[in-house]
Amino acid sequence: MEYILETNQIEKRYNRFKAIDNLSIHVPKGAIYGLIGKNGAGKTTLIRLICDLQKPTSGSYTIYGIKNTDKRILEARKRMGAIIETPSIRLEATAEDNLKEQYRIVGLPSFDNLQEILKLVGLIDTGKKKAKHFSLGMKQRLGIAIALVGNPDFLILDEPINGLDPEGIIEIRELILKLNKEKGITVLISSHYLDELSKIATDYGFIEKGHMVQEICKETLEEKCKKRVELEVSNVKECVKYFEEKQLSYEVISDKCINLYDEINITELAVALSKRDCVIDKFQEKEESLESYYINLMGGGNNV
Ligand code: ATP
């Protein structure tokens, strides 16, 4: 797997307090990676480290495989665009003038692609309207447009939907999907809105107290949340044979437990298994929402 961003046991301390604690993250190329954590979990700090706004106390990271201590990291950073906390927008200027300013900051010799970027983020028709008259969603999209100057292929968005109304959230969601699908941009998004991120994320990293609790891809997460019957049986081998014969979807959990993902009549199953010298000792139907999976993973809590 090719990773655009990897950290190796990175740590950021403020005196004795560890804001980032031996954290490892792996952002695959082409992913929309959702960095999920409660308020204060360390999401912004991690992003600030990656963007070189702060230095790690220890540990290292790579961007496009280039280590942060390597001189070539400056070149790698040019391929990144980021919005950290609130986008830096000049409110007295139009969308176009805001973008032009960014072209100058980045040192680009011409305004190539400027209209294309405005079109991409849906601000092409804003004309002479100053950014101060934009809705929050439009401001956020302008922030993303600014981050897109220089044609990055890795975009970092810190809490991009914070404070947005439902319409604004949909616009940002669709824009992120478009950038990912049409432009092939890898996106790292931090958020505490798991439900919202689940509509677009391909990969997740769950962080708490500066530590990576789990990294998981969308497919595996969906598998874990799938409706299932958890069975405790006396003879897992026979149970497996039966499920294979019936072409049922299952997962062996231990030498006693097996999960069944297909609908089945439990009485019929018990009769069929008893003929094979296998007794069902216990069974429980389970279905987990993404939210409850997260809460269980984090050991309960607020602000999810
Ligand atoms: P939020 O969703 O609220 O933005 P977050 O996950 O982005 O939260 P961070 O802003 O990264 O969290 O903060 C992580 C922890 O580090 C918090 O406990 C915060 O108080 C602490 N922290 C951040 N910056 C500093 C600093 N400059 N000095 C001391 N502590 C800090």
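Whatever order the structure lists them in is the order used to number ligands and atoms, beginning at 1.
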Enumerate the protein residues lying less than 4.0 Å from ligand 1, judged by heavy-atom distances, in chain and residue-number order.
Y14, F17, A19, K38, N39, G40, A41, G42, K43, T44, T45, E159
Taking distance alone, no hydrogens or angles, what donor-acceptor pairs closer than 3.5 Å link side-chain atoms of residues 160-167 to residues at least two apart or in another chain?
from : atom 1 : to   : atom 2 : distance (Å)
D165 : OD1    : E167 : N      : 3.4
D165 : OD1    : G168 : N      : 2.7

Using atom types as modelled and distance alone, determine if a side-chain donor or acceptor of D70 lies under 3.5 Å from a backbone N or O of R72.
yes
Going by chain and number, the hydrophobic cluster around V271 (ILVMFWY, side chain to side chain under 4.5 Å) further includes none
Axial cation check for F134 ring with K139, 6.0 Å and 45° limits
no
Could you check whether the rings of F154 and Y64 sit parallel, tilted or perpendicular, using 30° and 60° as the cut-offs?
perpendicular
Quick one: ring-ring contact (aromatic ring centres under 6.0 Å, His included) partners of F111, sequence neighbours excluded?
Y103
